[in-house]
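See structure below.
Keep in mind the model is a prediction, meaning the values are calculated, not measured.
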Amino acid sequence: MKTNYLIYILFIVSFYQGFSQQIERVEIDGKIRTEKGEELEGIHIYNISSQQGTVTNPQGKFIMAVAENDRLQVTSL
């Protein structure tokens, strides 16, 4: 009988632990800098970890939610 209680308790603890591991993201703002004369608008910033992206405005600024150890990819045509 004690074995059944122990298994039940371990199951409950592992169940809650699996749901408690949510990634907290914070919103950051950034600015892309390029060499003089290059276009700043329309540069794509993609968060590989969260699979979300954004595009820079005419001044090269962007806002994106990131977490620690996220990988960002910056591309431009």
Ignoring hydrogens, what is the shortest heavy-atom contact between M64 and T54? Give both atom names and the distance. CE-CG2, 3.7 Å
So how far is it from Y46 OH to Q52 CD, rounded to the nearest 0.5 Å? 8.5 Å
Measuring from atom CG of N69 to atom OG of S49, what distance do you get when rounded to the nearest 0.5 angstrom? 8.0 Å
Cluster link I48 to I23, ILVMFWY, side chain under 4.5 Å: no
Do you reckon I28 sits in the same ILVMFWY cluster as V74, going by side-chain contacts under 4.5 Å, direct or chained? yes
Output for pair (I45 CD1, I63 CD1), nearest 0.5 Å, gives 11.5 Å
Can a donor-acceptor pair be found, under 3.5 Å and without considering hydrogens, that links the side chain of T56 to the backbone of L40? yes
Is any side-chain heavy atom of F62 closer than 4.5 Å to a side-chain heavy atom of K31? no
Would you indicate whether E68, at its atom CD, is surrounded by more than 12 heavy atoms from other residues, nucleotides or ligands within a distance under 6.0 Å? no
Would you say K61 and D29 make side-chain contact, with heavy atoms under 4.5 Å? no
Heavy-atom closest contact (A67 atom, E24 atom, distance): CB-O, 3.4 Å
